[in-house]
Amino acid sequence: MHTTASLMEQMGQLGLNPKGTVLVHSSFKSIGDVQGGADAVLDALERYMSEGLLVLPTHTWSYINAENPRFSVLDSPSCVGVLPELFRGRSGVVRSWHPTHSVAALGVEAVEFTAGDERWDTPCARGSVWGKLLDREAEIVLLGVDLRRNTFIHGIEEWLDIPGRLTDGHEPLITITPNGTEIPVPSRRHCGLSWSQHFWKVEGVLEAGGAIRRGRLGDAPVMVCGTVETTAILKEMLIDNPHLFSDNEPLHGEDKPEPLPKTPRS
């Protein structure tokens, strides 16, 4: 059985910088038996990153929409798994105010990192937390999940203005702040095909380019993605081929991964 201490030891083996910025996309069940359950996993992450910044996605895109437009920073549950939902309620954790693609953060400069996302009308604007991950040279931990969960890649596509990724019009969404103030946040959304289902196809290219390293946390396979390296490689690929993620065909004969469950996704 895994423990908080054994998980922290594995984090060190992954080479994570405890004073840096780490965002974790996760499948809790993939970790296996952990003494203390999901809270023990969060304890391990928090203790390991106690001198840095720990970030988890707390997205609500699956149910915040034009028909249900009110996003409560305090009360709206995350739609992307057990660990994010528990994490957002922990002491000291700060949640950003974007109505569909919020994150929760704990640690160094958490308030500054999460501030201002309600100003942007797209899910992953360059000035949002997703762009700040790049500014901070953050690493993204894919814990028991693959690149199809990596929301940061949506950001790279958005910053390059890849066509067909966002709606032209806006939904009249509303963010309810922790003090109860209601802020209109007109929002464009990801549209068309589920583009993230195609992100897997660049895994080999990213690994060969040094953007991905591998390890384990508990029983779960882990990929650690550097935001700087991932951005550099995918920017070049997308400029050369803006339709890179428009189909689900492998680049070099790779095997297609198993279908993802309907939720959560990036």
Side-chain angles (χ1 to χ4, degrees), residues 21 23 25 55-73 76 78-80 84 88 94-105 112-136 138 140 147-177 181-199 202 225 227-228 230-232 234-239 241-246 263-266:
T21 299
L23 181 138
H25 289 287
V55 186
L56 272 71
T58 52
H59 300 172
T60 52
W61 50 261
S62 70
Y63 67 93
I64 297 296
N65 50 44
E67 290 71 40
N68 182 45
R70 296 161 64 85
F71 163 68
S72 169
V73 176
S76 292
S78 167
C79 68
V80 286
R88 72 176 184 87
V94 184
R95 191 179 194 182
S96 64
W97 291 4
H98 192 278
T100 61
H101 282 69
S102 67
V103 303
E112 294 84 351
F113 177 76
T114 55
D117 272 16
E118 71 282 359
R119 296 175 300 165
W120 310 107
D121 70 342
T122 59
C124 304
R126 182 61 180 85
S128 74
V129 294
W130 302 99
K132 292 176 187 177
L133 289 171
L134 177 58
D135 295 336
R136 299 175 71 95
I140 297 174
L147 286 175
R148 293 174 292 176
R149 299 293 197 227
N150 193 345
T151 304
F152 183 77
I153 298 177
H154 280 302
I156 298 171
E157 288 200 302
E158 185 174 321
W159 310 334
L160 292 175
D161 198 24
I162 300 300
R165 296 308 190 252
L166 298 170
T167 59
D168 292 328
H170 294 74
E171 290 186 331
L173 305 185
I174 297 167
T175 291
I176 304 172
T177 72
T181 301
E182 297 192 2
I183 302 175
V185 187
S187 297
R188 299 170 67 195
R189 299 182 68 101
H190 293 138
C191 66
L193 297 171
S194 184
W195 309 110
S196 61
Q197 301 299 302
H198 307 163
F199 291 168
V202 296
C225 303
T227 54
V228 173
T230 297
T231 301
L234 292 187
K235 181 178 179 181
E236 183 175 338
M237 293 179 74
L238 285 163
I239 289 173
N241 177 17
H243 302 292
L244 175 64
F245 296 123
S246 295
T263 58
R265 68 169 174 86
S266 61

Within the structure provided, determine whether [X] and [Y] are in side-chain contact (heavy-atom separation under 4.5 Å).
X	Y	value
Ser246	Trp195	yes
Ile153	Phe245	yes
Pro186	Asp121	no
Trp130	Pro123	no

Counting distance only, does the side-chain N/O of [X] pair as donor-acceptor with the main-chain N or O of [Y] below 3.5 Å?
X	Y	answer
Arg188	Thr167	yes
Arg149	Val80	no
Thr177	Thr181	yes
His98	His59	no
Trp159	Cys124	yes
Glu171	Asn65	no
Ser196	Thr151	no

Please report the shortest heavy-atom distance between [X] and [Y], naming the atom on each side.
X	Y	result
Pro172	Ala66	CD-CB, 4.5 Å
Trp97	Val73	CD1-CG2, 3.4 Å
Ala105	Thr114	CB-CG2, 3.8 Å

Exercise. Does one side chain, of Glu118 or Thr175, offer a donor that lies under 3.5 Å from an acceptor on the other?
Worked result: no
Exercise. If we ignore angles and hydrogens, is there a donor and acceptor under 3.5 Å between the side chains of Arg88 and Thr58?
Worked result: no
For this session: For Arg70 and Glu182, run side chain to side chain contact (heavy atoms under 4.5 Å, CB included): C-alpha distance rounded to whole Å, both residues' side-chain angles, the deciding distance at 0.1 Å, then the answer.
Result: CA-CA 9 Å; Arg70 296 161 64 85; Glu182 297 192 2; 2.7 Å; yes
Exercise. Is the shortest side-chain N to carboxylate O distance from Glu112 to Lys132 below 4.0 Å?
Worked result: no
Problem set entry | Lys/Arg-Asp/Glu bridge criterion (N-O < 4.0 Å) met for Asp117, Arg95 | no
For this session: Decide side chain to side chain contact (heavy atoms under 4.5 Å, CB included) for Phe113 and Val94; before the verdict, give the C-alpha distance in whole Å, the side-chain angles of both, and the deciding distance to 0.1 Å.
Result: CA-CA 9 Å; Phe113 177 76; Val94 184; over 6 Å; no
